[in-house]
Amino acid sequence: MKILIVDDSLINLKVEQKMLEKLNCTVDTALSGDECLEKVKDKTYDLIFMDIMMPNMDGVETFKKLQLIENFQTPVITLTADVENEARERYLKIGFNDYLSKPVGLEQLKQVVETYKN
């Protein structure tokens with residue numbers, strides 16, 4: 001699977017990338033919403049993991065811009081430290097395909113990857 005991880009934390013990106021590579025995924029990373037939008041223009045991904053709390057353009061705004069791209073159908077999963085009681089429902093209502101809270105473990109990533117495999 002080709003996966004894009006979007007997170008403004010380089011440490012989080014590296015940890016998540018290593019876990020996904022253990023699951024035999026090909027992983028690209030983006031440090032911002034703008035970088036995510038640029039990468040999606042050039043390449044098709046099977047799955048995108050999106051941090052919510054990022055400077056300049058947060059994950060929700062980035063997600064809304066992704067949805068405006070013609071023929072964009074890639075599942076987008078929140079990967080966030082937002083663990084408020086209603087967080088999961090709020091992000092699913094916005095249109096995200098799934099929700100994971102940080103810190104994320106290998107088993108959680110494996111379940112999501114398995115769910116969205118073609």
Side-chain angles (χ1 to χ4, degrees):
M1 274 186 102
K2 292 179 288 187
I3 296 178
L4 176 62
I5 310 169
V6 186
D7 198 317
D8 62 315
S9 166
L10 191 56
I11 293 169
N12 287 346
L13 283 177
K14 292 297 178 194
V15 169
E16 294 152 4
Q17 181 178 8
K18 292 289 180 206
M19 285 192 282
L20 287 164
E21 286 172 348
K22 285 181 182 178
L23 300 173
N24 297 316
C25 297
T26 302
V27 181
D28 285 344
T29 61
L31 280 164
S32 68
D34 289 319
E35 190 177 348
C36 168
L37 294 171
E38 285 302 312
K39 289 192 181 243
V40 169
K41 285 180 189 174
D42 298 331
K43 194 171 185 180
T44 302
Y45 294 96
D46 299 308
L47 196 57
I48 297 174
F49 287 99
M50 179 78 65
D51 183 28
I52 296 298
M53 295 176 205
M54 298 184 290
N56 302 325
M57 184 185 334
D58 69 19
V60 172
E61 187 179 348
T62 304
F63 175 68
K64 288 179 178 178
K65 288 186 177 190
L66 286 171
Q67 291 180 308
L68 297 175
I69 297 171
E70 190 174 336
N71 298 321
F72 180 82
Q73 296 181 7
T74 305
V76 182
I77 314 300
T78 63
L79 191 55
T80 181
D82 183 354
V83 292
E84 294 176 11
N85 287 341
E86 291 82 31
R88 178 181 180 82
E89 289 74 25
R90 182 171 63 247
Y91 295 121
L92 294 177
K93 190 174 185 179
I94 289 169
F96 286 94
N97 297 85
D98 211 336
Y99 165 95
L100 289 176
S101 62
K102 293 180 186 177
V104 66
L106 183 61
E107 257 326 293
Q108 292 169 297
L109 287 175
K110 183 178 180 181
Q111 287 176 358
V112 170
V113 167
E114 291 297 321
T115 299
Y116 291 96
K117 264 190 178 168
N118 295 346

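The first residue in the sequence is number 1, and the count goes up from there. Since the model is a prediction, treat every value here as computed from it, not as a measurement.
Note: Ile94 CD1 to Gln67 CD = 9.5 Å, rounded to the nearest 0.5 Å. In this structure, the separation between OG1 on Thr78 and CZ on Arg88 is 8.0 Å, given to the nearest 0.5 Å. In this structure, CG on Asn12 lies 12.0 Å from NZ on Lys14, to the nearest 0.5 angstrom.
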*How far apart are the C-alpha atoms of Val15 and Met19, what are their side-chain angles, what is the distance that settles it, and do they pass the side-chain contact (heavy atoms from CB on, under 4.5 Å) test?*
CA-CA 6 Å; Val15 169; Met19 285 192 282; 3.8 Å; yes

_side-chain contact (heavy atoms from CB on, under 4.5 Å) between Ile48 and Val40, worked out_ = CA-CA 10 Å; Ile48 297 174; Val40 169; 4.0 Å; yes

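Of the candidates Asp98, Leu47, Asp46, Leu47 is the only one forming a side-chain contact (heavy atoms from CB on, under 4.5 Å) with Pro75. Screening Thr80, Val112, Leu79 for a side-chain contact (heavy atoms from CB on, under 4.5 Å) involving Tyr99 leaves a single residue, Thr80.
Across every non-hydrogen atom of Ile77 and Phe96, the tightest pair is C-CD2, 4.4 Å. Counting all heavy atoms, side chain and backbone alike, Ile3 lies closest to Cys25 at CD1-SG, 3.6 Å. Cys36 approaches Met50 most closely through the heavy-atom pair SG-CE, 4.0 Å.
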Side-chain atoms of residues 101-111: list all donor-acceptor pairs with protein atoms under 3.5 Å, sequence neighbours left out, distances to 0.1 Å.
{"unit_1": "Lys102", "atom_1": "NZ", "unit_2": "Asp7", "atom_2": "OD2", "d": "2.7"}
{"unit_1": "Lys102", "atom_1": "NZ", "unit_2": "Asp51", "atom_2": "OD1", "d": "3.1"}
{"unit_1": "Gln108", "atom_1": "OE1", "unit_2": "Gly105", "atom_2": "N", "d": "2.7"}

Side chains of residues 53-66: which donor-acceptor pairs under 3.5 Å do they make with residues two or more places apart or in other chains?
{"unit_1": "Asp58", "atom_1": "OD1", "unit_2": "Val60", "atom_2": "N", "d": "3.1"}
{"unit_1": "Asp58", "atom_1": "OD1", "unit_2": "Glu61", "atom_2": "N", "d": "2.8"}
{"unit_1": "Thr62", "atom_1": "OG1", "unit_2": "Asp58", "atom_2": "O", "d": "2.9"}

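For Tyr91 (side chain) and Ile52 (main-chain N/O), no donor-acceptor pair under 3.5 Å exists by modelled atom type.
Open room surrounds CD1 on Ile11; 12 or fewer heavy atoms of other groups in view lie less than 6.0 Å from it. Within 6.0 Å of the CD atom in Gln73, the count of heavy atoms belonging to other residues, nucleotides or ligands does not exceed 12.
Residues Val27 and Leu10 fall within the same hydrophobic cluster, defined by Ile, Leu, Val, Met, Phe, Trp and Tyr side chains chained together at heavy-atom separations under 4.5 Å. Cluster membership for Leu37 and Phe72, using ILVMFWY side-chain heavy atoms within less than 4.5 angstrom, is shared.
Taking a cutoff of 4.0 Å between a charged side-chain nitrogen and a carboxylate oxygen, Lys39 and Asp28 do not qualify as a salt bridge.
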